[in-house]
Amino acid sequence: EKQLAAKLVLSVIQRWKDRGLTTKQVSTQKSRESDQLVQLYAEYQAELLRLNAVDFGDLILHMLTLFLEHPDTLSHYQRQFKYILVEALVKL
């Protein structure tokens with residue numbers, strides 16, 4: 001059985017994170033490869049959590065999640081900094 005290339009999997013996961021998509025939000029086509037990618041994304045995130053680690057995409061994804069789930073935190077940082085690109089990220 002053909003295995004997915006590690007670089008391809010990482011690239012797809014990174015694109016999902018760059019678009020602000022968590023494992024629960026990822027929507028894929030109904031194909032075996034896409035199901036595998038979604039499963040690998042979930043396993044990758046679980047392993048990062050187990051290791052108490054993040055990758056670069058998580059830094060952005062966690063910030064976006066924090067701001068979207070806690071508007072008071074977003075307001076605090078909007079008052080502190082002149083430019084925060086959250087509005088652009090919310091549209092993704």
Side-chain angles (χ1 to χ4, degrees):
E1 187 172 335
K2 185 177 179 180
Q3 297 288 324
L4 294 172
K7 286 184 180 183
L8 169 69
V9 172
L10 187 57
S11 174
V12 170
I13 291 172
Q14 194 59 50
R15 280 195 306 261
W16 284 335
K17 288 183 180 187
D18 289 346
R19 291 174 41 209
L21 299 173
T22 64
T23 56
K24 293 178 183 176
Q25 296 169 325
V26 172
S27 62
T28 61
Q29 298 172 355
K30 293 294 180 192
S31 72
R32 190 164 166 236
E33 289 79 16
S34 62
D35 289 342
Q36 282 182 314
L37 289 169
V38 172
Q39 180 62 32
L40 288 170
Y41 182 21
E43 290 174 12
Y44 177 64
Q45 289 304 107
E47 185 66 9
L48 286 173
L49 182 62
R50 186 186 74 76
L51 295 171
N52 197 28
V54 295
D55 63 14
F56 184 76
D58 284 329
L59 297 175
I60 296 169
L61 188 58
H62 292 325
M63 179 275 312
L64 178 60
T65 302
L66 174 71
F67 285 168
L68 291 175
E69 292 179 1
H70 302 280
D72 55 324
T73 302
L74 173 60
S75 294
H76 168 79
Y77 283 100
Q78 285 176 324
R79 286 189 304 272
Q80 186 173 355
F81 298 102
K82 186 173 182 179
Y83 299 103
I84 296 182
L85 298 177
V86 173
E87 290 181 29
L89 291 172
V90 171
K91 294 178 184 177
L92 294 175

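Residue numbers run from 1 in the order of the sequence given.
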Side-chain donor or acceptor of Asp58 paired with backbone N/O of Leu61 under 3.5 Å | no
Applying side chain to side chain donor-acceptor pair (under 3.5 Å) to Glu69 and not counting sequence neighbours gives none
For Thr73 and Phe67, which heavy atoms make the closest approach, and how far apart are they?
-> CG2-CE2, 4.1 Å
Any side-chain heavy-atom pair of Gln25 and Trp16 under 4.5 Å | no
Look up atom CG in Leu64 and atom CG in Asp18, then write down how far apart they are to the nearest 0.5 Å.
-> 11.5 Å
Residue pair Gln14, Asp55: steps toward the side-chain contact (heavy atoms from CB on, under 4.5 Å) verdict = CA-CA 9 Å; Gln14 194 59 50; Asp55 63 14; 4.2 Å; yes
Single-linkage hydrophobic cluster Leu49~Met63, side-chain heavy atoms < 4.5 angstrom | no
Apply side-chain contact (heavy atoms from CB on, under 4.5 Å) to the pair Tyr44 and Val9, showing each step before the final yes or no.
-> CA-CA 10 Å; Tyr44 177 64; Val9 172; over 6 Å; no
Worked check of side-chain hydrogen bond (donor to acceptor under 3.5 Å, both in side chains) between Ser11 and Arg15 = CA-CA 6 Å; Ser11 174; Arg15 280 195 306 261; 3.1 Å; yes
Assess the side chains of Gln39 and Asp35: does a donor N or O sit below 3.5 Å from an acceptor N or O?
-> no
Shared ILVMFWY cluster between Phe81 and Leu74, side chains joined below 4.5 angstrom?
-> yes
With sequence neighbours excluded, give me every salt bridge (charged side-chain N to carboxylate O under 4.0 Å, His left out) pair touching residues 37-48.
-> Glu47-Arg50
Crowding at CG, Asn52 (>12 non-hydrogen neighbours, <6.0 Å) = no
Which value, rounded to the nearest 0.5 Å, describes the distance between Leu10 atom CG and Leu40 atom CG?
-> 11.0 Å
Measure the shortest side-chain to side-chain distance between Gln45 and Lys17 over non-hydrogen atoms and say whether it is less than 4.5 angstrom.
-> yes
